[in-house]
Trainee: 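Provided herewith is a single structure, encoded as structure tokens, for subsequent inquiry.
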Protein chains: 2
Amino acid sequence: MSERTNSNNKLRVTISDVARTAGLSIATVSRVLSGYEFVSEATRKRVMEAVEQLGYVANLPARRLAGGRSRTIGLLVPNLDNGYVGTITLGIDKVLSRINCDLVLYASHHQPSKETYYVHTIVNGITEGLLLIAPQYTNTYLDMLRAHDFPYVFIDQSEPTENSSIVEAENYQGAYEATRYLCNLGHRRIAFIMGALNVQSARERLRGYTAALIDCNIPLQQNLILEGNYQQQGGYEAAKHVLNNVDPPPTAIFASNDISAFGAMDAVREHGLSIPDQISIIGFDDVPQASLVYPKLTTVRQPLEQMGQIAAETLMERIKDKGCPPQRITLATQLILRDTCAPCLLHDSEGS
Amino acid sequence: MSERTNSNNKLRVTISDVARTAGLSIATVSRVLSGYEFVSEATRKRVMEAVEQLGYVANLPARRLAGGRSRTIGLLVPNLDNGYVGTITLGIDKVLSRINCDLVLYASHHQPSKETYYVHTIVNGITEGLLLIAPQYTNTYLDMLRAHDFPYVFIDQSEPTENSSIVEAENYQGAYEATRYLCNLGHRRIAFIMGALNVQSARERLRGYTAALIDCNIPLQQNLILEGNYQQQGGYEAAKHVLNNVDPPPTAIFASNDISAFGAMDAVREHGLSIPDQISIIGFDDVPQASLVYPKLTTVRQPLEQMGQIAAETLMERIKDKGCPPQRITLATQLILRDTCAPCLLHDSEGS
DNA sequence: CAGTAGATTGAAAGCGCTTACAATTTCATG
DNA sequence: CATGAAATTGTAAGCGCTTTCAATCTACTG
């Protein structure tokens with residue numbers, strides 16, 4: 001009973017409507033719209049006019065199904081509530097919107113099963129490629145990704161096989177410099193709040209910390225190396241613990257990321273110590289809040305927005321040329337001096 | 001020359017692979033997978049086993065194209081870099097992941113053309129519905145949305161025709177209470193930093209402020225009502241301006257949102273005034289940073305996460321039953337007392 | 001002017017899925 | 001045991017697009 005819907009269904013303008021209006025075949029219209037070269041200028045113009053007139057917008061699922069480009073990429077993030085992901089996303093979004101692509105967001109909320117499941121659905125979705133921010137369980141899907149030849153780029157995570165494209169910052173170097181900075185201020189008892197150690201960056205930062213200490217001839221003190229998880233609560237608990245249980249207490253705390261540092265600042269204040277006079281604090285990342293808290297947080301800047309940008313660009317390249325060899329891009333970090341660090345007043349020659 | 005790809009193309013497991021493995025028709029498999037009722041238990045089991053065994057994941061574009069559900073909704077946000085959107089998104093994400101839906105993110109970055117363009121593409125995309133956070137140019141696409149019968153829900157924005165589903169907070173009431181709170185602390189010269197006035201919430205908050213002042217018998221002072229834009233910079237400039245140019249200066253500042261309040265705090269500190277002893281500050285929203293800044297910001301809490309949650313649920317209802325009448329859901333705000341407000345020390349009987 | 005390479009366009013076959021519609025099976029009833 | 005309704009499954013027609021292949025057209029060349 002139902003007629004061919006095209007004729008009287010006003011709700012959806014399809015490519016064949018455009019074709020009819022322009023007096024051309026849908027094949028030609030498709031070619032114009034997907035930027036095929038061998039179309040005459042006159043034809044192109046006719047098509048564009050029809051598109052304009054009808055307000056045609058391509059149907060993405062159809063396009064994607066037919067093997068065309070969906071101009072959509074996926075972004076897998078661990079969470080959304082802190083500025084870290086937001087700032088990276090800003091960079092991604094900038095390039096995507098410049099080249100007219102969409103973003104599908106997947107938040108794993110740190111659940112392994114979700115991360116794995118998402119990646120599987122992503123490969124079967126509209127998405128042409130995938131950006132992963134600090135993924136934690138890559139081994140559960142890396143093979144599949146590669147088997148499908150599905151383009152992806154890691155942000156702030158690497159994996160042992162070194163066979164993926166990665167955008168990251170100089171975690172080791174940044175941590176090293178931060179630690180040395182504290183040493184140069186005279187600090188000898190510098191606590192370190194670790195990040196989530198299943199993340200590469202966290203391990204690198206720990207390495208940087210220990211290396212700097214060694215280079216400064218400061219013996220490593222295990223009870224100053226504290227567990228953390230890159231979360232505010234973890235930073236809070238770590239700082240609280242070290243303040244209550246280690247004697248003499250540290251004169252400085254280096255937190256693996258800003259979010260932990262904020263937690264540490266809370267704990268320090270709760271403990272009645274003033275920042276930076278009685279204890280120095282330094283973070284890592286330079287999320288937007290870092291310059292918003294009071295006192296403003298001294299930290300190691302990762303060029304987050306830039307990382308997002310470069311990752312997006314790298315992914316687009318990989319989408320265009322799946323063969324191009326994976327590359328690791330490491331961006332420089334930068335020590336940002338603000339108000340949470342001060343020279344150490346205690347002049348003690350340190351014992352273990 | 002090319003064979004039916006199914007047989008030897010390992011890259012993609014399709015529904016027909018599942019059908020073959022299960023020894024059923026693809027129609028039956030489809031029915032099982034899309035939750036159709038009239039399938040025997042045995043069949044369902046056979047299908048699920050095949051799915052499991054093959055690691056099948058439905059191809060979203062195909063499903064969507066064929067008229068099925070894509071289980072994907074769109075989210076249009078003005079920006080990403082502050083906790084406001086992030087927190088709402090958290091709520092959205094919670095319900096979406098519970099019911100197994102995906103999120104496509106569109107950031108307009110406050111550009112009218114982008115907002116309009118996105119909504120148009122969204123309607124032709126994989127998305128089944130759309131959530132809009134504080135949209136600003138609804139008139140450019142509202143008719144189209146309705147003509148397509150495309151489900152959508154506004155978050156924190158209303159529109160004149162009252163014909164859309166909206167989730168919002170009690171902006172008027174919240175602003176009223178915040179202002180009264182300051183009055184009760186003895187403040188008489190309360191500056192107000194406005195939000196972006198093309199957003200409904202900003203107008204409501206202004207209304208609340210003036211109403212409270214009137215109810216407290218405090219004459220409105222135009223030079224204490226300052227332009228703002230919901231951004232930190234705007235708050236900073238507004239506060240700086242009022243501090244430099246209005247005499248006597250205000251003893252309290254009510255910023256239309258927390259982000260502006262942070263800017264105001266900066267300006268105040270730069271001006272050499274201490275918070276809250278010399279000047280009180282109050283914000284609106286209670287974004288995560290509010291309890292992170294120092295001193296912790298007294299503010300009016302919008303239940304952001306809950307708003308996201310409810311909006312997502314409302315949208316899902318509308319997707320299921322497009323006929324259901326639009327509803328406006330207004331959630332209560334709550335005054336959160338923290339550390340940026342104090343009694344007014346000056347005892348002056350106010351003139352204009 | 002026939003012949004040909006190259007440019008441009010059209011016809012038609014899917015992409016993987018949903019869903020009328022039709023066919024088959026099941027099973028309680030008469 | 002025939003019968004019909006209900007339950008279950010299969011067949012096949014698209015959804016709107018890209019792309020291969022073939023057809024047509026154009027402009028030269030000899």
Side-chain angles (χ1 to χ4, degrees), chain A residues 1-7 9 11-20 22-47 51 54 56-72 121 123-126 128 148, chain B residues 1-7 9 11-20 22-47 50-51 54 56-72 121 123-126 128:
Chain A
M1 211 45 104
S2 79
E3 278 210 272
R4 288 198 152 333
T5 40
N6 279 348
S7 33
N9 181 349
L11 292 185
R12 181 145 272 140
V13 180
T14 75
I15 196 173
S16 70
D17 294 322
V18 177
R20 195 167 340 102
L24 290 161
S25 73
I26 59 169
T28 303
V29 175
S30 169
R31 277 189 277 257
V32 169
L33 263 25
S34 45
Y36 184 71
E37 287 178 86
F38 302 103
V39 206
S40 75
E41 205 40 58
T43 303
R44 186 186 310 279
K45 191 145 161 288
R46 261 206 289 166
V47 169
V51 166
L54 268 48
Y56 169 76
V57 185
N59 179 306
L60 247 44
R63 175 175 279 178
R64 187 62 178 152
L65 181 59
R69 298 197 45 189
S70 65
R71 306 200 76 83
T72 303
T121 62
V123 170
N124 281 285
I126 20 106
E128 295 179 45
H148 281 246
Chain B
M1 211 45 105
S2 80
E3 279 211 89
R4 290 202 152 327
T5 40
N6 281 347
S7 33
N9 180 348
L11 291 185
R12 182 145 270 139
V13 180
T14 74
I15 196 172
S16 70
D17 294 323
V18 176
R20 195 167 342 100
L24 291 160
S25 74
I26 60 169
T28 303
V29 175
S30 169
R31 276 190 278 256
V32 169
L33 263 27
S34 45
Y36 184 70
E37 288 179 85
F38 303 104
V39 207
S40 75
E41 205 39 59
T43 304
R44 186 186 309 280
K45 191 145 163 286
R46 261 206 289 167
V47 170
V51 165
L54 268 49
Y56 170 76
V57 185
N59 180 306
L60 246 45
R63 175 175 278 180
R64 186 64 178 151
L65 181 59
R69 300 196 44 190
S70 66
R71 306 200 77 84
T72 303
T121 63
V123 170
N124 282 283
I126 19 107
E128 295 178 46

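Reminder, nothing fancy here: chain letters follow the sequence lines and each chain counts from 1.
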Trainee: When rounded to the nearest 0.5 angstrom, what distance separates CZ in A:Arg63 from CZ in A:Arg71?
Mentor: 8.0 Å

Trainee: How close do A:Tyr56 and A:Ile15 get, counting heavy atoms only, and between which atoms?
Mentor: CE1-N, 3.5 Å

Trainee: For the atom pair CG (B:Leu60) and OG1 (B:Thr72), what is the distance rounded to the nearest 0.5 Å?
Mentor: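 It is 4.5 Å, given to the nearest 0.5 Å.
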
Trainee: Just how far, in rounded Å, is P of C:dG10 from CZ of A:Arg20?
Mentor: 14 Å

Trainee: As an exercise, state the distance from OG of A:Ser40 to CZ of A:Arg46, rounded to the nearest 0.5 Å.
Mentor: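 The distance works out to 7.5 Å.
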
Trainee: In whole Å, what is the span from the CG atom of B:Leu65 to the P atom of D:dG16?
Mentor: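 Spelled out: CG on B:Leu65 to P on D:dG16 is 7 Å.
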
Trainee: Expressed in angstrom and rounded to an integer, what is the separation of B:Arg63 atom CZ from C:dC17 atom C1'?
Mentor: 8 Å

Trainee: Using every non-hydrogen atom in the two residues, find where B:Ala62 and A:Leu65 come nearest and quote the distance to one decimal.
Mentor: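 Answer, listing the atom of B:Ala62 first, then A:Leu65: CB-CD1, 3.7 Å.
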
Trainee: Grab the CG-C1' distance between B:Asn59 and D:dC15 for me, whole Å please.
Mentor: 13 Å

Trainee: Name the one of A:Leu33, A:Val39, A:Thr28 that satisfies side chain to side chain contact (heavy atoms under 4.5 Å, CB included) with A:Arg44?
Mentor: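 One option only clears the test, and that one is A:Val39.
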
Trainee: Can you pull every protein N or O that's under 3.5 Å from an N or O on nucleotides 23-28 of chain D?
Mentor:
none

Trainee: Search all heavy atoms of B:Leu24 against all heavy atoms of B:Thr43 and return the closest pair with its distance.
Mentor: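 Looking at all heavy atoms of both residues, the shortest contact is CD1-CG2, 3.5 Å.
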
Trainee: Rounded to the nearest Å, what distance is computed from the CZ atom of residue A:Arg69 to the P atom of nucleotide D:dT18?
Mentor: 12 Å

Trainee: Can you tell me the distance, in whole Å, between the CD1 atom of A:Ile15 and the C1' atom of D:dC15?
Mentor: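 Those two atoms, CD1 and C1', are 14 Å apart.
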
Trainee: So, taking the atom named OG1 in A:Thr14 and the one named CD1 in A:Ile26, what distance separates them when rounded to the nearest 0.5 Å?
Mentor: 8.0 Å

Trainee: Show the distances under 3.5 angstrom between N or O atoms of the protein and N or O atoms of nucleotides 8-11 of chain D.
Mentor:
from	atom 1	to	atom 2	distance (Å)
D:dT9	OP1	B:Ser40	OG	3.3
D:dT9	OP1	B:Thr43	OG1	2.3
D:dT9	OP2	B:Ser40	N	3.2
D:dT9	OP2	B:Thr43	OG1	3.3
D:dG10	OP2	B:Ser25	N	2.9
D:dG10	OP2	B:Ser25	OG	2.9
D:dG10	OP2	B:Thr28	OG1	2.7
D:dG10	N7	B:Arg31	NH2	2.6
D:dG10	O6	B:Arg31	NH1	3.0
D:dG10	O6	B:Arg31	NH2	3.3

